[in-house]
Amino acid sequence: MPDPSATSDAPVRPRLRFAPSPTGYLHVGGARTALFNWLYARHTGGQFLLRIEDTDRARSTEASTRAIFEGLQWLGLTWDEEVVYQGANLERHRRDGERLLAAGAAYRCFCTPEELDERRAAAEARRETFRYDRRCDRLPVDDVERRVAAGMPYAIRFRVPAGTIEWDDLVHGRIAFPNKDIEDFVVLRSDATPVYNMAVVSDDIAMRVTLVMRGDDHISNTPKQILLYRALGADVPGFAHLPMIHGTDGKKLSKRHGATAVADYQGQGILPTAMLNFLALLGWSPGGDREIMTLPEMVELFGPGGLQRKAAVFDPQKLEWMNGQHLSMMPLGELLPRVTPALVRAGLTTADALAAQPEWYAALVDLLRVRARTINDIVRQAEPYLCETITYDPEAVAKQWKDPAASAALLEASRDALAASPSWTPEALESALRALAESRAIAAGKLFQPLRVALTGLTVSPGIFDVLVLLGRDRALSRIDAAIRHLR
RNA sequence: GGCGGUAUCGUCUAGGGGACUAGGACGGAGCCCUCUCAAGGCUCAAACACGGGUUCGAAUCCCGUUACCGCUACCA
C-alpha cells in the first residue's frame, strides 16, 4: 500500500488560519470566524492554524493574547502547529516588500504622508475621488538615485497593473474589481515597516494557507492581496468572506450591545457547546430544519454551501434557549464538573462536600437543570438544598401562607402524614399526602404549595416529592417544624 | 462621492423556475399536561424590499431603484 502523502499529486490538505489582533478580548464575531475555519479544517481533514497579528504595538497587549487563547480553549477550538506571532516575521515582510521593488512590481515613493493628506483634502474639496497619481513612478531614474543617495525617505508603493482582479469567493461566488479602481498602495512605509496587506500576504504564503476565510469587511482588501501573491510568485489561495454579526439594532456588534466577549457568556453560565451551536447558525445552516447539534455533528455537516451572505443579528434570547437545550442533553457526568465551581464560587458549598455525596449531587443537578437555561440558573435554584437555613420569600409567604393559623394546621397535618410514611420515597410520600388531601376534601395543591414554601421558602421548585426526597427525612421534617413555629 | 457586498416572518433560517395556500426555530399570544415553575405537546399571529424584464410559469434567473453594511490611510 503506497503512502498517499508520498505521491506528488496527492491532494493538498486544506490549511486555514484564524488571525486575530490581540487588541481586546475574544469577541463573538471572532469566535465565529475561528469556528468556521476550524469546522472547515476538521471536516476536510485539513489544518487549523492560529496567528496573532500583533504588529500594532500600540494596541496589542499580552493580556489580550492570553484572552484569545483562553477563549479558544474554552470553546474547544484547538489549533494545529505552533502559534505564529506576526510581529516575529517583520524581517520577512520587509524582504518580501523589497523583493517587489527589485522585481519592478513596486516603486519608491518620496511623497510624504503630509503631502498626501493635503492632496487628498484638496481633492475632496473639489469633490473629486482621490487616487495616488503615480508621480513618483514617473521620476527619472537618475533623479530617484540622487534622492536615495541623499538619504531622502521613501515608501515602497505597489504598481497596480491594468486589468481586472477577480476570484471565486466560496460564499459570494465571482467577485470582480477593475484595477483602475485600485490605487497604487504602499507596501512598506518609509520606516521600512510593512503595511497590513503586505504582512498578511507574506505570512499566509509562509504558512502555506490554502483558504483564507475571514469577515467580509476584508473583501476590498482581497484584490490588493491577490496582486501581491501574484507579484511574489506565490499560489493564490481560495477566499471565503463571511458575513458580519450585528447587534439587535442592526448595527455592527460592539460593546454598546452588552455582552460581546465570549468570556461574558462563560460568566453567564453558557456552555461552550451551546455557544458554538448558536454561533454556527449565525451565517451557516446545514439545510433543512436542523438546529441543535453537537460539535462532532457540526464537523460532519459543515460545508461552504450552507454559508450565508447576509449579516446576522446576534439574539441573546435564542442563545439562552439553545443553552437550555444543551444543558438538558449533556451527560450529567460532563455537566457536574461545570456546575461545581459555579456553586463553590457562589459560596453555597464546597467541592469536598459535593464529592462526599456524589449521587445526591447528581440527582440535585438533574432535577434543577430542567428548569434552567444557564449554569447560573442552576446555582440560583440550588440554595435551599445546599444551605442549612432558608429564608422565606415575602411573596411566597403572602401568597401561600395567607392565613397563618390555617397554614400551620395544614403543615402540621402534612408533617404527621409524612413522618408516618413507611418509606421516604417519592411514591410513598405522594400517596401519604394525597390520602391526607382526600381525607380533608381539599385539592392536593392546597397542601403542596404551602409545603413548598416551608421546604424551600419559594413558590417554585422541582416536584414537591422530589424536593422532599432531596432534602431527606430529617431535614424536611425539621423545616416543616420551623415553618410551623414561624407561623405561630 | 467612488468601489464592493447584501436584501424571505421582529430575529436566526429552509428554499436553489412548477412540490409554496412560502417550511422550521427563537421570541409573542392561546390551549393541553400539571402540586408550582420549567420542560414537553398542540394551535394562532407574523416574511419573499420595490419596479421592470426572461419564461407557459419566478421567493428562486437578469436589469434597474431603494435601503442597509463594508472599504476608501505610510490603521489593522
Side-chain angles (χ1 to χ4, degrees), chain A residues 19-21 23 53-56 58-60 86 109 111-114 116-117 120 123-124 127-131 153-157 169 172 175-178 180-183 185-191 193-197 199-200 215-223 241 243-244 246 248 250-252 278 281-292 305-306 308-315 317-322 324-325 328 368-373 377 381 396 399-400 430 433-434 437 443-449 451-453 456 458-465 467:
Chain A
S21 320
T23 53
E53 308 216 319
D54 53 355
T55 44
D56 187 342
R59 289 192 298 159
S60 299
Q86 187 162 64
C109 176
C111 303
T112 65
E114 294 71 31
L116 260 7
D117 284 345
R120 210 182 330 265
E124 216 163 288
R127 308 185 69 224
E128 282 170 17
T129 312
F130 177 79
R131 204 164 290 129
Y154 59 85
I156 294 179
R157 223 176 247 283
D169 196 275
H172 291 94
I175 299 181
F177 282 79
K180 66 169 174 54
D181 293 325
I182 309 170
E183 75 172 340
F185 55 98
V186 169
V187 291
L188 244 39
R189 302 186 184 94
S190 44
D191 64 359
T193 58
V195 139
Y196 174 74
N197 283 317
V200 166
D216 66 14
D217 48 343
H218 286 287
I219 285 181
S220 41
N221 279 325
T222 306
H241 287 99
M244 301 277 91
H246 287 171
T248 327
K251 301 248 162 64
K252 188 173 168 177
F278 176 72
L281 260 20
L282 242 40
W284 174 72
S285 161
D289 298 338
R290 199 77 187 274
E291 290 222 292
I292 301 296
Q308 190 77 21
R309 290 177 298 274
K310 184 184 62 165
V313 173
F314 189 94
D315 178 8
Q317 270 194 309
K318 186 157 185 176
L319 203 212
E320 289 213 350
W321 165 79
M322 189 163 278
Q325 298 294 310
S328 295
L368 261 26
R369 67 167 162 175
V370 190
R371 60 218 89 216
R373 290 198 151 192
D377 284 344
Q381 297 175 46
K399 193 170 178 197
Q400 301 302 340
E430 176 157 15
L433 283 187
R434 287 200 188 274
K446 296 285 182 212
L447 228 45
F448 300 164
Q449 278 305 91
L451 182 56
R452 191 185 312 280
V453 178
T456 66
L458 308 167
T459 69
V460 310
S461 82
I464 198 73
F465 310 109
V467 172

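Every chain is numbered from 1 and lettered A, B, ... according to where its sequence line falls, protein lines coming before strand lines.
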Taking only the [atom1] atom of each, what is the distance from [N] to [M] in whole angstrom?
N      : M      : atom1 : value
B/rU8  : B/rG41 : P     : 28 Å
B/rG15 : B/rA22 : C1'   : 8 Å
B/rA38 : B/rC31 : P     : 14 Å
B/rC48 : B/rU43 : C1'   : 24 Å
B/rA59 : B/rA7  : C1'   : 12 Å
B/rU34 : B/rG18 : C1'   : 48 Å
B/rG17 : B/rG1  : P     : 37 Å
B/rG27 : B/rG10 : C1'   : 8 Å

Checking base pairs now: Watson-Crick or wobble, both atom distances under 3.5 Å. What partners [N]?
N      : value
B/rA19 : none
B/rU11 : B/rA25
B/rG70 : B/rC3
B/rG64 : B/rC50
B/rC42 : B/rG30
B/rU36 : none
B/rU55 : none

What's the [atom1]-[atom2] distance between [X] and [N], to the nearest Å?
X        : N      : atom1 : atom2 : value
A/Tyr196 : B/rA73 : OH    : P     : 16 Å
A/Leu319 : B/rA25 : CG    : P     : 19 Å
A/Phe278 : B/rG27 : CZ    : P     : 12 Å
A/Lys318 : B/rG10 : NZ    : P     : 15 Å
A/Asp289 : B/rA14 : CG    : P     : 11 Å
A/Asn197 : B/rC74 : CG    : P     : 11 Å
A/Asp217 : B/rC69 : CG    : P     : 14 Å

- Is there a donor-acceptor pair closer than 3.5 Å between any side-chain N or O of A/Thr456 and the backbone N or O of A/Leu458? yes

- Message: Test your reading of the model: is there a side-chain donor-acceptor pair from A/Arg59 to the backbone of A/Asp54, 3.5 Å cut-off?
- Response: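 Not at all, since once roles are kept as given, no pair shorter than 3.5 Å links the two residues.
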
- Taking the nucleotide of RNA chain B with the closest heavy atom to each, which residue, A/Ser285 or A/His246, is nearer the 5' end?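 So the residue in question is A/Ser285.
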
- Message: Please encode protein proximity along nucleotides 1-6 of chain B as a string of B, S and -, counting only heavy-atom distances under 4.0 Å.
- Response: BSSSSS

- Heavy-atom contacts, protein to nucleotides 29-39 of chain B, under 4.0 Å, summarised as B (base), S (sugar-phosphate only) or - (none) per nt, yield ------BBBBS

- A/Asn221, nearest nucleotide to its side chain (from B/rU13, B/rA76, B/rC26):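 Of all the options, the side chain of A/Asn221 is nearest to B/rA76.
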
- Message: I want to check one thing: is the phosphate of B/rA14, taken as OP1 and OP2, less than 4.0 Å away from some side-chain N or O of A/Arg290?
- Response: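 So the side-chain polar atoms of A/Arg290 never come under 4.0 Å of the phosphate oxygens OP1 or OP2 of B/rA14.
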
Using the test side-chain contact (heavy atoms from CB on, under 4.5 Å), find all partners of [X] that sit at least two apart in sequence or belong to another chain.
X        : value
A/Asn221 : A/Tyr196, A/Asn197, A/His218, A/Gln225
A/Thr55  : A/Gln86
A/Gln381 : A/Leu368, A/Arg371, A/Ala372, A/Asp377

- Query: Taking only residues two or more places apart in sequence or in another chain, which ones pass salt bridge (Lys or Arg N to Asp or Glu O under 4.0 Å) with A/Glu124?
  - Reply: none

- In terms of side-chain geometry, is the basic nitrogen of A/Arg157 or A/Glu183 positioned less than 4.0 Å from the acidic oxygen of its partner? no

